[in-house]
Amino acid sequence: MEWLSEEQQRIWRNYLAMTSGLHTAMHRQLQQDCELSLSDYDVLVALSEQGPLRINELGDLIGWEQSRVSHQLRRMRGRGLVEREGDSDDRRGATVMITDAGVAALETAAPGHVELVRSVMFDGLSEAQLQVFGSAVEAVLGRIRAVDQGA
């Protein structure tokens with residue numbers, strides 16, 4: 001087995017620190033602004049952009065296992081953020097949609113969330129850095145998708 005080079009190790013650890021710090025900051029901002037979790041926000045964004053989705057489609061869209069989606073939706077239904085229609089025993093047949101309360105929560109959350117992401121991710125990057133960063137992210141995602149499809 002070939003170990004990571006010093007540079008690869010440095011980049012990898014910095015990446016992990018960056019993503020962990022970003023998730024922590026986003027979660028904190030959402031909790032302070034509107035008492036949503038980052039998971040709540042992910043679901044609400046997906047439903048607001050795509051419209052009603054079957055539960056398995058929602059899981060595929062946000063990259064979650066079905067059990068995580070089901071638990072998250074149960075919590076969100078209890079708070080009136082989403083509704084579920086259809087066969088309660090068949091996750092493939094049940095559809096989930098955002099409620100008016102979910103739309104209101106998302107409208108409250110989005111401005112602060114966008115400002116946070118812009119300020120920590122993109123402000124201070126040159127156009128060239130942004131292009132390189134975007135290309136690197138797309139390349140890694142492409143390899144992840146290829147591995148997932150082979151599994």
Side-chain angles (χ1 to χ4, degrees), residues 1 4 8 11-123 125 129-151:
M1 171 190 0
L4 298 177
Q8 289 170 333
I11 292 168
W12 176 243
R13 290 192 179 178
N14 284 341
Y15 167 80
L16 292 175
M18 178 190 75
T19 57
S20 176
L22 183 58
H23 278 97
T24 298
M26 289 187 300
H27 182 76
R28 187 177 305 123
Q29 174 268 318
L30 289 167
Q31 284 290 302
Q32 289 173 352
D33 287 1
C34 55
E35 298 182 6
L36 290 177
S37 70
L38 187 53
S39 296
D40 294 335
Y41 189 80
D42 289 341
V43 169
L44 293 175
V45 167
L47 293 174
S48 73
E49 290 177 347
Q50 301 295 315
L53 292 168
R54 291 178 181 254
I55 293 174
N56 61 331
E57 294 171 332
L58 176 62
D60 291 344
L61 183 65
I62 57 181
W64 292 359
E65 297 291 327
Q66 290 300 314
S67 62
R68 180 177 180 192
V69 175
S70 295
H71 291 298
Q72 183 65 37
L73 291 176
R74 189 175 318 112
R75 289 188 295 269
M76 293 177 74
R77 280 194 322 265
R79 293 177 14 239
L81 299 172
V82 297
E83 290 179 345
R84 180 176 169 162
E85 288 183 354
D87 189 343
S88 61
D89 294 328
D90 182 2
R91 287 184 288 218
R92 293 166 300 168
T95 300
V96 64
M97 65 215 57
I98 192 169
T99 63
D100 290 343
V103 170
L106 187 57
E107 288 173 350
T108 299
H113 180 76
V114 169
E115 177 57 32
L116 174 69
V117 171
R118 180 180 292 117
S119 69
V120 300
M121 282 291 296
F122 302 113
D123 287 355
L125 291 181
Q129 289 172 319
L130 185 59
Q131 294 299 318
V132 169
F133 183 65
S135 294
V137 169
E138 288 171 12
V140 171
L141 285 173
R143 287 191 298 279
I144 290 170
R145 289 182 189 115
V147 167
D148 286 347
Q149 290 174 354

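Sequence positions, counted from 1, serve as the residue numbers for this chain.
- Considering all non-hydrogen atoms of both residues, Leu81 and Ala101 come closest at CD2-O, 3.9 Å.
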| query | Given Leu44 and Val82, is the side chain to side chain contact (heavy atoms under 4.5 Å, CB included) satisfied, shown in steps? | reply | CA-CA 8 Å; Leu44 293 175; Val82 297; 4.2 Å; yes

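- The two residues Tyr41 and Ala110 come nearest to each other via the heavy atoms OH-CA, 3.7 Å.
- One distance of note links CG of Leu58 with CG of Leu73; it measures 6.0 Å at 0.5 Å rounding.
- The local environment of CD in Gln8 is crowded, with over 12 non-hydrogen atoms from other residues, nucleotides or ligands closer than 6.0 Å.
- Expressed to the nearest 0.5 Å, how far CG of Leu30 lies from CD of Glu35 amounts to 11.5 Å.
- For the residue pair His71/Arg68, the side-chain donor-acceptor check at 3.5 Å is not satisfied.
- Using a distance-only test at 3.5 Å, with no hydrogens or angles considered, a donor-acceptor pair links the side chain of Ser48 to the main chain of Val45.
- In this structure, CG on Leu47 lies 8.0 Å from CD1 on Ile62, to the nearest 0.5 angstrom.
- When every heavy atom of Ser37 is checked against every heavy atom of Gln31, the shortest pair comes out as N-NE2, 3.5 Å.
- Of the inter-residue distances, the one linking Asp60 atom CG with Asn56 atom CG reads 6.0 Å to the nearest 0.5 angstrom.
- Between Ala105 and Cys34, the shortest heavy-atom contact is O-SG, 4.3 Å.
- For Asp100, the CG atom is loosely surrounded, since the number of other residues' heavy atoms within 6.0 Å does not exceed 12.
- Under the 3.5 Å distance criterion, the side-chain polar atoms of His27 are left unmatched by any main-chain donor or acceptor of His23.
- To the nearest 0.5 Å, atom CD of residue Gln72 and atom OG of residue Ser67 are 11.5 Å apart.
- Proximity of a side-chain donor or acceptor of Ser119 to a complementary backbone N or O of Glu115 within less than 3.5 Å is detected.
- More than 12 heavy atoms of other shown residues, nucleotides or ligands fall within 6.0 angstrom of atom CZ in Arg79.
- When each of Arg54, Glu83, Arg84, Glu57 is checked for a side-chain contact (heavy atoms from CB on, under 4.5 Å) with Thr95, only Arg54 meets the rule.
- Nearest heavy-atom pair across Ala46 and Leu61 is CB-CD2, 3.7 Å.
- Between Met26 and His113, the shortest heavy-atom distance links the atoms SD-CE1, 3.4 Å.
- Put simply, CD on Gln131 and CG on Leu125 are 11.0 Å apart, with the number rounded to the nearest 0.5 Å.
- In this structure Thr99 satisfies the side-chain hydrogen bond (donor to acceptor under 3.5 Å, both in side chains) test with no other residue, sequence neighbours excluded.
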